[in-house]
Amino acid sequence: MWKLADKMLSSRFLLGTAQYPSLQVMCDAITASATNVITVSLKRQISGSAPDNLVWQAMRKLNCELLPNTAGCHQASDAVNTAEIARELFQTNWIKLEVIGDDYNLQPDPFELVKAATILVKNGFEVFPYCTDDLVLCQRLIDSGCRILMPWASPIGSGKGMMNPYALETLRARLPDVTLIIDAGIGKPSQAARAMEMGYDAVLLNTAVSLARDPVQMAGAFRDAIHAGREAFNAGLMPERNVAHPSTALIDTPFWHQSQTS
């Protein structure tokens, strides 16, 4: 069990609900993932169409925490208004804050993001800001009152994995008491496991599962990879070395902690 904001969860895998081939596949993939948190597009729900109402009804039956997002917003004011609607519609103060500054790589606008986060925190929201791996930006978001940060591994939907592991490792080292969730760019279970091995608290993704040949099987693969990565982090990874080091025990020293002075 671990604590995300004010909720105790059993899974460190957060999953999106878009682009699945069918409603049934989406539900089956979410079940297979064992996730406790699913992201929800506000724009889908306020459209009011019959298919979208069915999606909403199905999601309510999955017994997961809902994390609405402000996808599609480019200004702080739009994001704040969207968040207020989401809180009323979904009955939650959680909000995944997205304020996009560039439509080519869907990179967040750091200035509008901090502005929106500051307003939303003051308005009683638990803000999950989608941000880059820039340390100064992340510090400004913390200063605004955010307890959770969601830095990207690489651009949304790219599947490139961690393009700047140094920056992500620096974030984890410099912000040891902040909940850090990798969001966006993860394309393979091995990439998710690597993020967890680095000490990140969770992974959020969508496309890597929803566009897989078998989304249900892929959801299970990510579930296991995220769990394995966290277990490895807890166990303590051996340090990397630049030279070979014999692993076969020397005579009379079968254990590394055995005294060498006897």
Side-chain angles (χ1 to χ4, degrees), residues 3-9 11 13-20 23 26-27 30 33 35-101 103 106-131 141-142 144-152 156-157 179 181-184 202-207 210:
K3 191 173 185 179
L4 178 60
D6 55 349
K7 304 286 185 180
M8 294 302 299
L9 307 177
S11 172
F13 184 10
L14 287 67
L15 187 58
T17 58
Q19 304 185 85
Y20 288 88
L23 176 58
M26 182 197 78
C27 292
I30 291 172
S33 73
T35 183
N36 302 132
V37 180
I38 55 177
T39 61
V40 186
S41 170
L42 176 66
K43 291 187 176 181
R44 169 187 288 178
Q45 300 310 320
I46 63 176
S47 67
S49 65
D52 291 336
N53 286 335
L54 290 176
V55 172
W56 172 229
Q57 293 172 14
M59 286 191 294
R60 293 180 65 181
K61 294 178 181 179
L62 291 169
N63 197 30
C64 292
E65 299 292 337
L66 298 180
L67 178 58
N69 64 48
T70 63
C73 294
H74 291 75
Q75 302 291 329
S77 57
D78 292 338
V80 170
N81 290 336
T82 302
E84 293 288 358
I85 296 171
R87 177 159 60 179
E88 182 175 349
L89 179 62
F90 298 113
Q91 296 297 300
T92 178
N93 71 329
W94 284 14
I95 192 71
K96 180 186 175 186
L97 179 60
E98 299 182 28
V99 187
I100 301 302
D103 287 328
L106 300 180
Q107 181 171 330
D109 182 323
F111 308 102
E112 294 294 301
L113 184 65
V114 172
K115 181 179 178 181
T118 302
I119 295 171
L120 290 172
V121 169
K122 290 180 178 178
N123 290 350
F125 283 89
E126 188 70 61
V127 180
F128 294 61
Y130 161 62
C131 57
L141 288 167
I142 294 169
S144 75
C146 294
R147 299 189 296 169
I148 299 158
L149 299 178
M150 304 181 73
W152 69 358
I156 295 174
T179 299
I181 301 173
I182 290 290
D183 177 20
V203 170
L204 190 157
L205 58 88
N206 187 156
T207 308
S210 64

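Everything numeric here is computed off the predicted structure, so don't read it as measured data. Values reported hereafter were calculated over all heavy atoms of this structure, with side chains retained and with hydrogens, waters and symmetry mates removed.
- Nearest heavy atoms, Pro108 versus Cys131: CG-CA, 3.8 Å.
- Minimum interatomic distance between Asn93 and Gly124 (heavy atoms only, all atoms of both residues): ND2-O, 3.3 Å.
- When all heavy atoms are compared, the tightest approach of Trp94 to Pro68 is O-CD, 3.4 Å.
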### Message
Using side-chain contact (heavy atoms from CB on, under 4.5 Å), reason through Thr92 and Glu65 one step at a time and then give a plain yes or no.
### Response
CA-CA 9 Å; Thr92 178; Glu65 299 292 337; 5.9 Å; no

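- The SG atom of Cys73 lies 11.5 Å from the CG atom of Leu113; values are rounded to the nearest 0.5 Å.
- Summarising the geometry, atom CG belonging to Asp109 is positioned 7.5 Å from atom CD belonging to Gln75; distances are rounded to the nearest 0.5 Å.
- Interatomic distance, CD of Glu112 versus NE2 of His74, reported as 11.0 Å (0.5 Å rounding).
- Across every non-hydrogen atom of Thr82 and Asn69, the tightest pair is CG2-O, 4.2 Å.
- Side chain of Thr35 to backbone of Phe13: a donor-acceptor contact under 3.5 angstrom is found.
- Residue Pro129 comes nearest to Leu149 through the heavy atom pair CG-CD2, 3.8 Å, listed as atom of the first residue, atom of the second, then distance.
- Relative ring orientation between Tyr130 and Trp152 is described as perpendicular, the plane-to-plane angle rising above 60° on a 0-90° scale split at 30° and 60°.
- Between Thr207 and Gln19, some side-chain heavy-atom pair lies under the 4.5 Å cut-off.
- Paired with Val37 under the rule side-chain contact (heavy atoms from CB on, under 4.5 Å), one option of Leu204, Leu66, Leu14 passes, and it is Leu14.
- Separating the CG atom in Leu62 from the CE atom in Met26 is a distance of 6.0 Å, to the nearest 0.5 Å.
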### Task
Any chance you could lay out the side-chain contact (heavy atoms from CB on, under 4.5 Å) test for Thr17 and Asn206, step after step, and finish with the verdict?
CA-CA 7 Å; Thr17 58; Asn206 187 156; 5.7 Å; no

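- Glu98 places no side-chain N or O within 3.5 Å of a backbone atom of Thr70 that could act as its donor or acceptor partner.
- Distance alone, capped at 3.5 Å, places no donor-acceptor pair between the Thr118 side chain and the Ser144 backbone.
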### Task
Give the C-alpha distance, both sets of side-chain angles, the deciding distance and a yes or no for side-chain contact (heavy atoms from CB on, under 4.5 Å) between Ile181 and Leu4.
CA-CA 10 Å; Ile181 301 173; Leu4 178 60; 3.9 Å; yes

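- Within the model, atoms CD of Glu84 and CG of Leu89 stand 13.0 Å from one another, a figure rounded to the nearest 0.5 Å.
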### Task
Any chance you could lay out the side-chain contact (heavy atoms from CB on, under 4.5 Å) test for Lys96 and Asp183, step after step, and finish with the verdict?
CA-CA 10 Å; Lys96 180 186 175 186; Asp183 177 20; 2.9 Å; yes

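- Although no hydrogens or angles enter the test, the distance criterion places no donor-acceptor pair under 3.5 Å between the side chain of Thr39 and the main chain of Leu67.
- Surrounding CG of Asn63 are at most 12 heavy atoms belonging to other residues, nucleotides or ligands under 6.0 Å away.
- Once rounded to the nearest 0.5 Å, the distance linking CD of Glu126 with CD1 of Ile95 reads 11.5 Å.
- When every heavy atom of Ala79 is checked against every heavy atom of Leu97, the shortest pair comes out as CB-CD1, 3.7 Å.
- Identified under the salt bridge (Lys or Arg N to Asp or Glu O under 4.0 Å) test for residues 70-80, with sequence neighbours left out: none.
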